[in-house]
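As structure tokens, the structure follows; a few thoughts come after it.
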Amino acid sequence: MKGKLACAVLMAPFFLLLVTVFLIPTGTAVWLSFFAADQPGLGFGPENTVFVGLRSYGAVLSDPTFLGSLLTVVLYCLLYIPLMVAGALTLALLLDSGVVKLRSWMQMGLYLPHAVPGIIAALIWLYLYTPGLSPIIDLFAKADVQISFLGINTVLPSIVNIALWSNLGYNMVIFYAALQAVPREVLEASVVDGAGPVKQALRIKAPLVRGAIVTVGIFTLIWALQLFTEPVLLSQSTPMISARFSPSMYIFDAAFTRNNYGLAAAASVILLAFTVALSYGVTRWTNRKAD
């Protein structure tokens with residue numbers, strides 16, 4: 001009895017946060033999605049909130065701008081997630097191998113960009129991407145190379161670059177911590193068997209931190225699907241980023257520009273379902289690969 005009571009006390013903060021920051025907002029969004037504002041009398045009458053059922057979901061799913069935003073965020077994930085996971089794991093393996101000197105300083109230097117708030121990071125890169133202000137663009141111009149970081153074919157890679165700069169060091173720390181738990185006797189045995197540094201990293205270390213790789217991949221996927229801060233700020237300098245560039249921007253536009261909270265709530269629920277489905281699919285696929 002005492003053990004159950006202690007368990008309940010320890011788990012209570014988690015369930016309190018779960019209910020407060022996830023279940024209640026999700027339930028509220030689902031509830032709002034079934035209603036819409038209606039103005040009778042050719043729009044001149046008083047505004048009434050009416051039950052519309054699944055009409056808002058149909059409107060969202062038939063809206064080409066929302067479907068386009070989903071495609072954009074999928075392309076973003078296909079670019080960003082492999083680069084993030086591979087880059088962070090490579091840096092962690094280099095640090096763990098002992099090739100890199102002053103490892104503590106290197107870790108701190110790589111982690112520092114993550115300590116910069118996302119808005120500040122986007123503003124820094126906006127300055128570096130803006131013609132007439134960017135020293136990088138001026139440097140390319142001196143070499144007779146014309147480059148536009150915010151063009152139609154480069155704006156998405158530019159956003160990926162900001163996200164990598166901000167989060168690569170954080171995920172590197174996670175991988176490095178997982179590598180520290182790899183049994184040293186296993187590594188010593190691989191050296192005796194003739195494994196070089198590269199083979200040891202790819203055949204021994206990487207498979208042993210597979211759990212950390214999957215965790216980082218899923219968390220990165222969930223974060224990437226919520227793409228918002230970077231394109232919102234970059235949209236001030238390029239017409240290539242519309243007000244509905246990503247699903248999160250579509251939701252913001254529906255709620256605070258068009259004042260259609262039912263449509264925004266429906267889009268939020270659809271994005272949540274899409275995120276859960278993708279996360280579940282990735283988890284099942286990785287578990288199957290492990291078997």
Side-chain angles (χ1 to χ4, degrees), residues 64-95 100 105-173 175 216-217 219-250 252-253 257:
T65 59
F66 180 78
L67 299 178
S69 71
L70 279 180
L71 177 60
T72 298
V73 85
V74 168
L75 292 175
Y76 173 76
C77 289
L78 291 176
L79 282 172
Y80 172 61
I81 296 175
L83 290 173
M84 170 59 72
V85 175
L89 182 60
T90 300
L91 289 173
L93 288 169
L94 287 172
L95 289 173
V100 178
W105 288 97
M106 286 295 298
Q107 287 180 28
M108 184 179 69
L110 290 168
Y111 182 83
L112 275 178
H114 183 73
V116 177
I119 294 178
I120 304 302
L123 286 174
I124 292 172
W125 284 98
L126 176 60
Y127 166 75
L128 295 175
Y129 289 157
T130 302
L133 297 176
S134 172
I136 297 176
I137 294 178
D138 291 342
L139 188 62
F140 276 108
K142 291 179 180 179
D144 292 328
V145 176
Q146 300 297 323
I147 185 169
S148 173
F149 290 109
L150 300 177
I152 187 171
N153 296 319
T154 55
V155 66
L156 196 61
S158 295
I159 296 173
V160 169
N161 176 65
I162 298 174
L164 286 172
W165 182 81
S166 298
N167 299 299
L168 195 65
Y170 173 79
N171 291 312
M172 178 272 298
V173 170
F175 287 141
V216 167
F219 285 170
T220 303
L221 171 65
I222 294 171
W223 180 88
L225 291 173
Q226 302 173 50
L227 179 66
F228 181 78
T229 304
E230 293 86 355
V232 164
L233 289 176
L234 293 183
S235 66
Q236 308 301 314
S237 295
T238 175
M240 297 299 108
I241 301 178
S242 67
R244 306 175 193 177
F245 181 79
S246 70
S248 294
M249 292 178 66
Y250 180 95
F252 183 88
D253 177 74
T257 301

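Just so it is clear, the values below take in all heavy atoms, side chains as well, and ignore hydrogens, waters and symmetry mates.
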Is the shortest side-chain heavy-atom distance between [X] and [Y] below 4.5 Å?
| X | Y | answer |
| --- | --- | --- |
| N171 | V85 | no |
| I81 | L221 | yes |
| M249 | P231 | yes |
| C77 | L227 | no |
| M172 | L95 | yes |
| L67 | L71 | no |

Output the distance between atom [atom1] ([X]) and atom [atom2] ([Y]), rounded to the nearest 0.5 Å.
| X | Y | atom1 | atom2 | value |
| --- | --- | --- | --- | --- |
| I241 | E230 | CD1 | CD | 10.0 Å |
| L233 | L126 | CG | CG | 7.0 Å |
| S134 | Y129 | OG | OH | 9.5 Å |
| T257 | D253 | OG1 | CG | 4.5 Å |
| Q146 | I137 | CD | CD1 | 9.5 Å |
| S235 | M240 | OG | CE | 12.0 Å |

If you look at every heavy atom in P247 and V73, which pair is closest and at what distance? CD-CB, 4.0 Å
Scanning both residues in full, the closest heavy-atom pair of V116 with A121 reads CG1-N, 3.8 Å
Verdict with supporting geometry, H114 and V173, side chain to side chain contact (heavy atoms under 4.5 Å, CB included): CA-CA 11 Å; H114 183 73; V173 170; over 6 Å; no
Assess the residue pair W223 and N167 against the criterion (side chain to side chain contact (heavy atoms under 4.5 Å, CB included)); give the C-alpha distance rounded to whole Å, side-chain angles, the decisive distance to 0.1 Å, and a yes or no. CA-CA 11 Å; W223 180 88; N167 299 299; 3.7 Å; yes
ring-ring contact (aromatic ring centres under 6.0 Å, His included) partners of residues 230-250, not counting sequence neighbours, each pair once: F66-Y250
T72 vs S246, test: side chain to side chain contact (heavy atoms under 4.5 Å, CB included). Steps then yes/no. CA-CA 7 Å; T72 298; S246 70; 5.7 Å; no
Does atom CZ of F228 have more than 12 heavy-atom neighbours from other groups under 6.0 Å away? yes
CD1/I222: more than 12 non-hydrogen atoms of other groups inside 6.0 Å: yes
Classify the ring geometry of Y80 against Y76: parallel below 30°, tilted from 30° to 60°, perpendicular beyond 60°. parallel
Look only at the side chain of T130 and the backbone of L133, and say whether a donor-acceptor pair between them is shorter than 3.5 Å. no
Judged by atom type as modelled, is there a donor-acceptor pair below 3.5 Å linking the side chain of S166 to the main-chain atoms of A163? no
Solution key, residues 149-160 side-chain donor-acceptor pairs under 3.5 Å, sequence neighbours excluded:
{"unit_1": "T154", "atom_1": "OG1", "unit_2": "S148", "atom_2": "O", "d": "2.6"}
{"unit_1": "T154", "atom_1": "OG1", "unit_2": "F149", "atom_2": "O", "d": "3.4"}
{"unit_1": "T154", "atom_1": "OG1", "unit_2": "G151", "atom_2": "N", "d": "2.9"}
{"unit_1": "S158", "atom_1": "OG", "unit_2": "F149", "atom_2": "O", "d": "2.4"}
{"unit_1": "S158", "atom_1": "OG", "unit_2": "T154", "atom_2": "O", "d": "2.8"}

Side chain to side chain contact (heavy atoms under 4.5 Å, CB included) evaluation trace for L110 with L168: CA-CA 8 Å; L110 290 168; L168 195 65; 6.0 Å; no
